[in-house]
Amino acid sequence: TTHLLTDEAIQMIKLQDEKPFFLELSYAAPHMPNEAPSEAAAMYPDIQNKNRKLHAAMVTEVDRGIQKLISTLEETGHMENTIIWFMSDNGGKNLIGTPEDVVAPILNFAKLWGEPLPFPFWEFLRDNMVNGAGDNYPLKGGKATVYEGGLRVPAFFYAPGFIPQQKVAHQITVDDVLPTLITAAGLEHV
């Protein structure tokens, strides 16, 4: 889906004229199931864990998609009049980051029934915990926890024509998106 979403976004950008437009692109990657093109996975010969290798390849495919979008914005003359906000929704899913009181019952359940579990929701949980390949080191925890490994994620905001470039050392949240966009648009917010 990463490639399909990128291609669709590129087509939408190419159809735009001088009027302002809004495009929200929400990649599903990196996410379970661990899937990526073999040529992307081949870029990581030193990673032995298959799931971790596929996870790295998924991140690479998102990076490539964003590079294509930026190239399209530059080619169409929209880049300097564009705001790009990139962020993730949570830290990576991994067995280490899942609280023991969640892991133990599900894995014990798997011992009784075998793998895959015959119950779709429980199998979904088991598969995500065991095969989730996120690496939140050095942060503790992961997706579905309130530790930094589950909450602290990368983000960047590119808007040179709207807001002065700066590095923000304090934390931001999704609640900061709307006020920041309102400021960038030159509007007053209440």
Side-chain angles (χ1 to χ4, degrees), residues 1-2 5 24-36 40-41 43-67 83-159 163 165-183:
T1 60
T2 301
L5 290 169
E24 179 180 350
L25 177 55
S26 299
Y27 287 116
H31 204 278
M32 295 291 288
N34 295 316
E35 300 174 322
M43 294 174 59
Y44 301 96
D46 295 337
I47 300 177
Q48 299 305 310
N49 180 293
K50 177 187 171 193
N51 289 322
R52 185 75 188 129
K53 180 180 291 211
L54 289 171
H55 186 88
M58 285 188 279
V59 172
T60 296
E61 291 304 303
V62 170
D63 288 347
R64 287 178 178 166
I66 293 169
Q67 288 171 348
I83 296 171
I84 299 173
W85 192 311
F86 176 87
M87 72 173 108
S88 183
D89 57 348
N90 50 253
K93 184 69 174 162
N94 57 36
L95 187 57
I96 295 168
T98 306
E100 182 60 31
D101 56 343
V102 174
V103 172
I106 293 173
L107 296 184
N108 287 335
F109 199 55
K111 289 177 188 174
L112 294 172
W113 289 91
E115 296 174 15
L117 288 170
F119 312 102
F121 178 72
W122 288 98
E123 174 56 21
F124 171 80
L125 292 175
R126 185 204 64 78
D127 184 49
N128 270 264
M129 284 187 296
V130 173
N131 295 318
D135 183 355
N136 305 308
Y137 181 82
L139 306 176
K140 179 179 180 180
K143 181 178 179 177
T145 72
V146 294
Y147 295 116
E148 280 194 1
L151 303 174
R152 194 170 168 185
V153 297
F156 74 81
F157 183 77
Y158 173 87
I163 293 179
Q165 185 175 358
Q166 59 185 306
K167 184 174 181 177
V168 177
H170 61 276
Q171 293 181 351
I172 61 169
T173 72
V174 71
D175 294 335
D176 295 315
V177 172
L178 186 58
T180 303
L181 293 176
I182 288 172
T183 300

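Residues take their numbers from the sequence shown, with the count starting at 1.
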Distance check, rounded to the nearest 0.5 Å: [X] atom [atom1] versus [Y] atom [atom2]?
X	Y	atom1	atom2	value
I84	F157	CD1	CZ	10.0 Å
T180	I163	OG1	CD1	6.0 Å
L151	T173	CG	OG1	11.0 Å
H170	D176	NE2	CG	7.0 Å
L117	L125	CG	CG	9.5 Å
W85	I172	CH2	CD1	5.0 Å

Taking all non-hydrogen atoms of both residues, which atom of [X] and which atom of [Y] are closest, and how far apart?
X	Y	answer
G142	T145	O-OG1, 2.6 Å
N136	G141	ND2-O, 3.1 Å
N34	L54	O-CD1, 3.3 Å

Just to verify, what does F86 make a ring pair (Phe, Tyr, Trp, His ring centres under 6.0 Å) with, not counting sequence neighbours?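 F86 satisfies ring pair (Phe, Tyr, Trp, His ring centres under 6.0 Å) with F156 once adjacent residues are dropped.
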Taking ring pair (Phe, Tyr, Trp, His ring centres under 6.0 Å) as the test, write out the residues that go with Y27, two or more places apart. none
May I have all residue pairs that pass salt bridge (Lys or Arg N to Asp or Glu O under 4.0 Å) and include part of residues 134-146, sequence neighbours excluded?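 Salt bridge (Lys or Arg N to Asp or Glu O under 4.0 Å) check on residues 134-146 returns no pairs.
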With sequence neighbours left out, which residue pairs that include part of residues 93-113 fulfil the salt bridge (Lys or Arg N to Asp or Glu O under 4.0 Å) condition?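 Pairs touching residues 93-113 that pass the test: none.
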By side chain to side chain donor-acceptor pair (under 3.5 Å) - contacts of [X] (at least two apart):
X	result
K53	none
E35	none
S88	none

Pairs in or reaching into residues 124-147: which pass ring pair (Phe, Tyr, Trp, His ring centres under 6.0 Å), with residues at least two apart or in two chains?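 Residue pairs with at least one partner in residues 124-147: there are none.
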Residues 56-63, side-chain donor-acceptor partners within the protein, below 3.5 Å, at least two apart:
unit_1, atom_1, unit_2, atom_2, d
T60, OG1, Y44, OH, 2.3
T60, OG1, A56, O, 3.1
E61, OE1, H3, NE2, 2.5
E61, OE2, R64, NH1, 2.7

Pairing residues for S26 by the side-chain contact (heavy atoms from CB on, under 4.5 Å) criterion, not counting sequence neighbours: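 For S26 the side-chain contact (heavy atoms from CB on, under 4.5 Å) partners, ignoring immediate neighbours, are E24.
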Sequence-distant partners of Q165, side-chain contact (heavy atoms from CB on, under 4.5 Å), two or more places apart: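 side-chain contact (heavy atoms from CB on, under 4.5 Å) check on Q165 returns nothing, list empty.
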Within 6.0 Å of CZ in R152, more than 12 heavy atoms from elsewhere: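 12 or below, so no.
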So which pairs with a foot in residues 116-133 pass side-chain hydrogen bond (donor to acceptor under 3.5 Å, both in side chains), sequence neighbours left out?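 Only N51-N131, E115-R126, E123-R126, D127-N131 qualify under side-chain hydrogen bond (donor to acceptor under 3.5 Å, both in side chains).
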With heavy-atom distances below 4.5 Å as the criterion, would you say the side chains of M87 and V177 are in contact?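 Yes - at least one pair of side-chain heavy atoms lies under 4.5 Å apart.
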